[in-house]
Amino acid sequence: MKDLVKIRDLTVRFYTYEGVVHAIDDLDLDIRQGETLGIVGETGSGKSMTALAILRLIPYPGKIESGSIVFCDKDSGAETELLKLREDRMRAIRGNKISMVFQEPGAALNPVYTIGDQISEVFLLHRRQELGYRARERVGNLLSNGNGLAAGLKRPFWHWQSRLYNKIAEEPHAFEPRLLSHIPLFRRLLWRLRDEANLLTINMLKDVEIPDAARVAAHYPHELSGGMKQRAVIAMALACSPELLIADEPTTSLDVTIQAQMLELFRRIKADKGASVLFITHNLGVASEVCDRVGVMYAGRLCEVCTIEELFLHPLHPYTKALLDAVPMPGKELHTIPGALADALNPPPGCRFHPRCPSATPLCQQERPKLKAVAKDHMVACYLY
Amino acid sequence: MRRPVGAVKAVDGVSLAIKRGQWLGLVGESGCGKTTLAKTVVRLLRPTSGHIYFDVPDETKALIEDLESQGKNNSKLTYLLKENDLGTFSGDRVRLFHRRAQLVHQDPFTSLDPRMKIKNTVAEPLKIHRVLSGHAVETAIEELLGRVGLTAGQSERYPHQFSGGQRQRIAIARALATKPEFIAFDEPTSALDVSVQAQILNLLKDLKKEFGLTYLYITHELLIAESVCDYIAVMYLGKVVEMGRPEEIFHAPRHPYAQSLVAATPVPDPKRRVGRIVLPGEVPSPSNPPPGCTFHPRCSRASKECHELEPPLEPVGGDHYVACFHPL
């Protein structure tokens with residue numbers, strides 16, 4: 001399988017008053033086409049920061065220090081270095097080629113716009129050309145039937161309007177439509193674009209199994225339940241059929257039965273659309289349900305990357321083993337990891353896990369172990385292997 | 001020797017008994033009334049109707065039931081309820097009860113006063129209940145903090161200087177301060193990481209053994225309930241739909257809701273990836289529950305009977321109870 005995203009030597013630091021926080025340290029990770037890659041780890045291990053770094057959305061005072069993130073477009077095969085991209089080009093990728101589902105659906109939605117408006121926005125931003133085509137076709141049909149009035153058009157504007165849609169269809173960000181949208185009298189010429197976007201939105205909502213989609217589209221976020229809101233957020237993320245969908249703990253705030261519905265939805269989306277999913281979670285049970293491969297993160301570094309079966313059957317890194325032992329399972333003694341999570345301000349030298357590791361050697365205290373392949377599809381960063 | 005120390009009679013006629021020394025797990029989705037139940041048990045809320053008994057002999061309870069069934073509102077019944085039913089307690093009686101029963105809240109980030117040093121936080125119950133005074137308080141705090149895995153040197157610090165796991169330890173130390181017999185935990189590990197969660201659960205196990213405590217443990221994670229609890233009650237929309245020992249609930253659930261809840265739980269084992277039942281729809285609003293069995297709109301086995309009548313909680317063998325007309 002070909003790689004969709006290649007992350008190399010990614011380093012993210014936060015310059016806070018207390019000191020420099022090493023959020024991500026020399027991270028190497030590949031996301032392949034059509035796979036679900038899980039990132040598991042505890043709070044503060046840098047899972048979410050990895051996701052935000054791919055979209056270049058690291059909040060202040062964080063900074064991407066070095067490294068490269070290469071995005072290989074599946075259709076055109078073009079390789080783009082995301083970290084060197086101009087901001088407006090990056091904006092064309094966000095929500096279009098790469099989109100994200102956040103943990104808290106209530107916080108991800110704007111409370112003062114309807115669900116429909118918020119999803120339409122994605123189409124109006126990234127799919128203007130398609131909307132132009134659709135609008136032109138519809139108006140063209142109505143005009144050729146002599147049904148201009150039925151189309152809700154005022155006579156003197158008919159031909160202007162069809163010319164305008166032509167323009168948008170050919171050149172989505174042309175100057176004239178943009179100018180006209182600022183003049184109140186002519187703004188209504190563009191309303192049809194919004195109507196077309198609304199139709200696409202309702203289709204999208206049906207796609208994520210929202211019953212009565214047309215009614216839900218007119219609702220405000222507070223009128224929906226948590227599961228519904230998360231479905232709407234997923235619909236928004238999927239609106240432009242992204243090649244990479246980043247899901248940052250999408251089921252953490254949901255109930256078990258709703259979580260099961262969501263995981264089922266994610267599996268279906270992957271099968272239908274062939275998108276890659278970067279699935280961030282702290283719940284190993286959820287990871288085992290949806291992921292093909294997993295990366296285990298500890299204190300800003302990857303300790304192990306392997307297939308999901310390998311993770312549970314043959315975990316290699318001592319941290320992975322300890323993490324699996326800490327999961328409550330019936331009939332099993334609960335093991336704890338001694339010590340506390342590494343301090344991100346003053347991380348221990350060498351391997352960051354060595355103060356808590358039962359098999360640490362003097363070498364572990366001095367030098368950082370590199371991620372190396374020990375078997376097919378199994379990489380581990382530990383001197384034991 | 002097993003003696004019930006507390007019993008809750010829910011509004012809809014469902015009773016729940018927690019035996020002394022038991023670790024009862026209460027599982028269910030958000031909005032099903034788990035937290036309300038726990039708060040009522042420790043009398044932070046007053047029940048609208050029904051009785052809560054804490055360490056009341058069986059004979060007294062039988063007598064009360066007997067008198068009630070006669071339907072006479074006589075002075076003896078009133079007296080007995082006033083003496084024994086926690087639901088009627090107020091003022092000092094509640095305070096005395098709180099010395100024996102404590103609650104640990106869900107979120108350790110909001111349950112501790114940010115402007116109080118933790119030694120004062122832990123000492124507060126001792127002062128309110130006038131258990132100890134003077135230097136004895138200091139030594140007691142040291143002992144308590146040591147018992148939950150914190151050092152005495154940390155007692156001068158404020159909550160924000162601690163991590164989530166440590167804060168939950170402080171909350172547990174505070175609950176232990178009055179040497180209670182019963183502690184209710186309201187999702188104590190839901191805000192914590194897996195490894196910290198394991199530490200807290202092990203701590204709870206040790207404390208229970210050491211002090212002979214009785215636990216009511218609320219959680220939405222079935223794996224935790226299965227691995228630590230002795231007895232489990234599954235709630236749906238304010239009602240207990242199934243009660244039983246963990247192996248009964250998890251390997252032979254009888255209520256369709258319990259079955260789908262067990263099946264929906266993600267298990268960290270790719271080999272157990274089979275047999276998922278995805279429930280349609282969502283939990284209805286508790287303010288307007290469906291008539292009859294509250295689960296019937298989502299249930300695949302629902303019949304006409306379920307739409308109209310409310311199934312009672314009935315024993316199906318041993319300690320296993322199910323509220324369903326068509327159990328599996």
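Lettering follows sequence order; numbering is per chain, from 1.
Using a cut-off of 4.0 Å between Lys/Arg side-chain N and Asp/Glu carboxylate O, D25(A) and R352(A) are scored as salt-bridged.
For residues 327-347 of chain A, no residue pair satisfies the ring pair (Phe, Tyr, Trp, His ring centres under 6.0 Å) rule, not counting sequence neighbours.
Heavy-atom minimum distance, Q230(A) versus Q103(A): NE2-O, 3.6 Å.
Interface remark: P246(B) contributes no atoms to any contact with chain A (heavy atom separation under 4.5 Å). For E247(B), no part lies near chain A; criterion is any non-hydrogen pair under 4.5 Å. L313(A) touches chain B through its side chain: at least one heavy atom from C-beta onward sits under 4.5 Å away, while N, CA, C and O do not. Heavy atoms of E209(A) lying under 4.5 Å from chain B are absent altogether.
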Checking side chain to side chain contact (heavy atoms under 4.5 Å, CB included) for the pair V21(A)/M49(A): CA distance, chi angles, key distance, verdict?
CA-CA 12 Å; V21(A) 175; M49(A) 283 306 139; over 6 Å; no
Set out, in order, the CA-CA distance, both residues' side-chain angles and the distance that settles salt bridge (Lys or Arg N to Asp or Glu O under 4.0 Å) for R254(B) and E242(B), then state yes or no.
CA-CA 8 Å; R254(B) 303 292 299 273; E242(B) 185 161 358; over 6 Å; no
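The candidate from V196(B), L222(B), I224(B) with the greatest count of non-hydrogen atom pairs under 4.5 Å with chain A is I224(B).
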